[in-house]
Amino acid sequence: ITLVSPWDIRDPADQSVLLHELAHHRQAPHHWYCAGAQELPAYRLQAAWAEENGAKVSINWMAAVMESGCTRRDIHPD
């Protein structure tokens with residue numbers, strides 16, 4: 001996981017970014033129809049955690065839903 005500066009461990013919004021990336025780490029061993037399908041669950045987790053911890057995060061939900069849609073062009077054969 002690479003965190004881009006400025007990143008502050010004390011900032012709940014920054015912590016939520018780390019949580020989002022850790023979600024992808026946990027998703028890695030599982031099969032996904034396309035890589036984008038992993039985004040919506042990670043964003044949902046990030047948003048829920050941020051809300052519980054009083055952090056303000058800006059998530060483009062329309063883009064997250066569209067990216068996780070796995071259209072035919074996104075599915076790669078094994």
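We use all heavy atoms of the structure for the numbers below, so side chains are in, but hydrogens, waters and symmetry mates are not. Model, not experiment: these values are computed from the prediction.
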Mind jotting down which residue pairs meet the salt bridge (charged side-chain N to carboxylate O under 4.0 Å, His left out) criterion with at least one end in residues 48-64? Sequence neighbours excluded, please.
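Salt bridge (charged side-chain N to carboxylate O under 4.0 Å, His left out) check on residues 48-64 returns no pairs.
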Return each pair, listed once, that meets side chain to side chain donor-acceptor pair (under 3.5 Å) where at least one residue sits in residues 35-46; pairs must be two or more places apart or across chains.
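For residues 35-46, and leaving out neighbouring residues, the side chain to side chain donor-acceptor pair (under 3.5 Å) pairs sorted by first residue read S16-Q46, H20-E39, H20-Q46, H24-E39.
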Which pairs would a plain distance check flag for residues 5-12, meaning a side-chain donor or acceptor within less than 3.5 Å of a matching protein atom at least two apart in sequence or in another chain?
| from | atom 1 | to | atom 2 | distance (Å) |
| --- | --- | --- | --- | --- |
| W7 | NE1 | D14 | O | 2.9 |
| D8 | OD1 | R10 | N | 3.0 |
| D8 | OD1 | R10 | NE | 3.0 |
| D8 | OD1 | R10 | NH2 | 3.4 |
| D8 | OD2 | R10 | NH2 | 3.3 |
| D11 | OD1 | A13 | N | 3.0 |

Got a sec, which residues hit side-chain hydrogen bond (donor to acceptor under 3.5 Å, both in side chains) with N53, two or more places apart in sequence or on another chain?
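With sequence neighbours excluded, N53 shows a side-chain hydrogen bond (donor to acceptor under 3.5 Å, both in side chains) to no residue whatsoever.
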Members other than W49 in its cluster, when Ile, Leu, Val, Met, Phe, Trp, Tyr link by side-chain heavy atoms under 4.5 Å?
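Under the 4.5 Å side-chain rule, W49 groups with L19, L45.
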Determine whether L3 and L22 fall in the same hydrophobic cluster, where Ile, Leu, Val, Met, Phe, Trp and Tyr are linked whenever their side-chain heavy atoms lie under 4.5 Å apart.
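Yes; tracing contacts between hydrophobic side chains, which count when under 4.5 Å, links both residues.
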